[in-house]
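These notes are about the structure you will find just below.
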Amino acid sequence: MDYAAFHRRSLDERDAFWAEQARLIDWHVAPKRTLDYARPPFARWFVDGRTNLCHNAVDRWLNRDWGAHADRPALIYISTETGEERTYSFRALHAEVNRCAAMLLELGVGRGDRVLIYMPMIAEAAFAMLACARIGAIHSVVFGGFASHSLANRIEDAAPKVIVSADAGSRVGKVVPYKGLLDEAIRLSAHKPAKVLLVDRKLAAMPMTAGRDVRWDALAVRHEGAQVPCAWLESSEPSYILYTSGTTGRPKGVQRDTGGYAVALAASMKHIYCGNAGETYFSTSDIGWVVGHSYIIYGPLLAGMATIMYEGTPVRPDAGILWQIVEKHRVSVMFSAPTAIRVLKKQDPGYLTKYDLSSLKALWLAGEPLDEPTARWIADSLKRPIIDNYWQTETGWPILTYPMGIEDKPRKFGSPGHPMYGYDVRLLHEATGEEVAVGEKGVVAIVPPLPPGCMSTVWGDDRRFVETYFRSVPGREVYSTFDWGIRDADGCHFILGRTDDVINVAGHRLGTREIEESISSHPAIAEVAVVGVADQLKGQVPVGFAVVKDAAAVATLDGRMKLEGEVMKTVDGQLGAIARPHRVHFVSALPKTRSGKVLRRSIQAICEGRDPGDLTTIEDPAALTQLREAMAPA
Ligand code: AMP
C-alpha cells in the first residue's frame, strides 16, 4: 500500500481512520464517538467505549484457535543474572494475573487507586502491571535504577495506596538492594503507602515493617485459583502514570488513557512492527521505561505474541547472549537501543554469525540517535533491516519511522524516516513559529490533536501539560517534542538533539536540573552546572562544573578527587547510578550572561571542542578560560 496516502488519510479522515483501527481490539461497549476535541489540546479518544487492557492482552487470547492459543507462550522470563528461565503460557499468565489482582484487592486497591511498582525485571512485575490494568488501578512503574530521592518524588506525586517491590535486583552479577532504598524513600515522602507488597528473591536482606509490609509469597498462596473480573473502563480513564525528566527538577507524570493506548499499540504492532499472534517479541528495554510499557508488556501481548522479559546485559555471559535468545525462542521482532549495539560493536563479531537468526524480520532501534556507522555495522552484520524509530515517553509509540507493515519504503542510515499515521509533524522555526524549508533545522512539533496512545495530560496538573508542551513555539498552539530536526527532499527526517536541558544517556532521559539539584545538596558546593557531553558509547554523559564554598577544599589534587568522589556518591544515593556525572570539575565561577543565566550551551560546546558561539553577553570571560583549563588533560 502507498504509505503517503495512508498517512494523508489518517489526518484528512481522522475519525474514519481511527474507527477502523479501533477494531483491532475488543470493546466491552463500542465507542459512541471516535474523538472529542471540544477542549483543545486535550483529546479524548473513543468516547464512551469501554474496554480493558488486561482483557485485550491476556483473556482475549485464551479462546483463539479453539483454545489452542491458551497453551502458547505469552511471557518468557529469562535472567542471566540468576540463571532462571520460565515460560508462562497465556493460560498460566491469566492465572498469575488473576491471583495478583486478588492480592491487590485484598490490600485495599480499587479502581483509580495508584499502585507504584519499583521492581527488577522479574515476572512478578509483569503480573503486577497487568493485575492493575485488570482492576482499573493506575500503575506507576519506577525504574529500579532510581534511588530514594527520585523514588520519594514519585511516591509523593502519585500518592500510591500500595507499593510493589522486591528485596533486590541484580546487575552484572552484583546484587542491587531495593528494600533499603524504598524504606528511605517512604521515609522522605510526605505521602505514605498503606501497604508494601514484597517479592523475596532471597538476594538481599528484606527487613519488614510490621503492619505495612506484606510478603508476596504468603499472600499468593491464599489466592491460588482466584478469578477477578476485568473492570470495564471508559476509554479515557487512566491506565498508568510514567514519570519523565524535563527542564525543571520536578519530574512530570505522563498520564495515559486506556482505549486510545490499546488501539495505538495494536495498530503499531500491525503497521510498524509487523508482529503476529504466535510469534515472539524481544525488547531488551526495562519495564521502568516507556519502551518497557509499550513493547515489553502491552504491545506484544495485545498482538497475541509471546514477549521476552530479560534481566541481564548484552555481554553476559558473553556477547552472543541476545542472539542466542533470538535463536532459541525464534524471535521475529527485536527491539533495542543504539547503545546496546555500540557495546556489541566492541566485541568479537563472530557472535553475530554464530546463531541462527532466520526468524528475525528486522531489528528496531530507538531511544537515542542511531548514528550512521553503528546502523551500517549492525545491518551488514545481521543482514536484516535495521529500523530506526523516534518517539518519546509522552507519545507512547513512534512519531517517526519506516512503517514496514504498510510499505517497505527505502531507508536511509541516520534517519528515523517519516511521520507516522496520526501525527501531523511540522518542523518550525524556533523564534517565528513558521515552517522551515527542506534542509533547514527546526523544532519537531506536532499539530494537535495528538493521536491515540499519546499522553492525555500531566498527572494532577492539566495546566502544566498545556504550558509545558503547547506554549513553547511562539504564536502556535502545537505540541513541542523539544527536539531539533531536519527534513531532506525525500521527506526523511533527521533528529539533531534536544532544544532543552534534557540529556540522553544510553537512551535514558535525564534532566540536568535534577542532577544539579542533587549535587548542590552537598554541603561543600555553592553552585553547579551540568551539561550533556558527547560520548562514543553512551551518546551523551553528564559532566558537572561546580563552584565550591571554600576554595581550600579543592586546592590540591587529593582534595579535588575526594570531593568529586563524595559528590558522585551523593548523586548515586539520591538519584541512582544512572544519573552519576561522568566527571565533576571544580571552577571558581560559571560562565553566565550579565542577567545571571548560566551559558550551558557554551559550556557544552567547549566540552565537545566546538565553537561556544556568541559570547558578547558573558559577564566574566575568565570563567571560560577556567572551564577550558578544567577540561584540558591533567
Ligand atoms: P524518552 O522519553 O526517555 O523515550 O526520550 C525521548 C527522547 O529521546 C526524544 O525526545 C529524543 O530526544 C530521543 N530519541 C528517542 N528516539 C530517538 C531516535 N530514534 N533518534 C534520535 N533521538 C531519539
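Whatever order the structure lists them in is the order used to number ligands and atoms, beginning at 1. Every heavy atom of this structure was used, including side-chain atoms; hydrogens, water molecules and symmetry mates were not.
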- Task: Please determine which of Glu514, His508, Arg509, Arg513 meets the side chain to side chain donor-acceptor pair (under 3.5 Å) test together with Ser245.
- Result: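 Of all the options given, the one that passes is Glu514.
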So which protein heavy atom does [atom] come closest to, and at what separation?
| atom | answer |
| --- | --- |
| atom 5 (O) of ligand 1 | Arg509 CD, 3.5 Å |
| atom 8 (O) of ligand 1 | Asn504 ND2, 3.1 Å |
| atom 20 (N) of ligand 1 | Glu368 O, 3.4 Å |
| atom 6 (C) of ligand 1 | Trp391 O, 3.5 Å |

Before accepting this row, confirm whether a basic side-chain N of the pair [X]/[Y] lies closer than 4.0 Å to the acidic partner's carboxylate O.
| X | Y | answer |
| --- | --- | --- |
| Arg498 | Asp501 | no |
| Arg600 | Glu516 | yes |
| Arg464 | Asp462 | no |
| Glu368 | Arg342 | yes |

Evaluating non-hydrogen atoms only, which member of [options] is closest to [atom]?
| atom | options | value |
| --- | --- | --- |
| atom 14 (N) of ligand 1 | Pro398, Pro338, Gly367 | Gly367 |
| atom 21 (C) of ligand 1 | Pro369, Gly539, Ala337 | Pro369 |
| atom 4 (O) of ligand 1 | Leu510, Leu496, Thr393 | Thr393 |
| atom 11 (C) of ligand 1 | Asp388, Asp483, Val290 | Asp483 |

- Query: Which atoms of ligand 1 have any heavy atom of Ile495 under 4.0 Å away?
  - Reply: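 Listed by number with element, the hits are 21 (C), 22 (N).
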- Task: Number the atoms of ligand 1 from 1 as they appear, then name those within less than 4.0 Å of a heavy atom of Asn389, with their elements.
- Result: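 Selected atoms, number and element: 16 (N), 18 (C), 19 (N).
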- Task: Report yes or no: is the cationic atom of Arg154 (NZ for Lys, CZ for Arg) under 6.0 Å from the centre of the six-membered ring of Phe146, at an angle within 45° of the ring normal?
- Result: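 Yes, cation above the ring, under 6.0 Å and within 45°.
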- Task: Examine the proximity of ligand 1 to Trp289 and report which part, side chain or backbone, both or neither, has a heavy atom under 4.0 Å away.
- Result: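 Within the 4.0 Å criterion, Trp289 makes no contact with ligand 1.
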- Check step by step if side chain to side chain contact (heavy atoms under 4.5 Å, CB included) holds for Leu242 and His293. CA-CA 9 Å; Leu242 181 58; His293 285 63; 3.6 Å; yes
- Return yes or no for this condition: an N or O of Gln392 is under 3.5 Å from an N or O of ligand 1.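 Yes, Gln392 has an N/O under 3.5 Å of an N/O on ligand 1.
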- Close side-chain approach of Ile386 and Leu370, heavy atoms under 4.5 Å: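 The answer is yes, as the side chains (C-beta and beyond) meet within the 4.5 Å cut-off.
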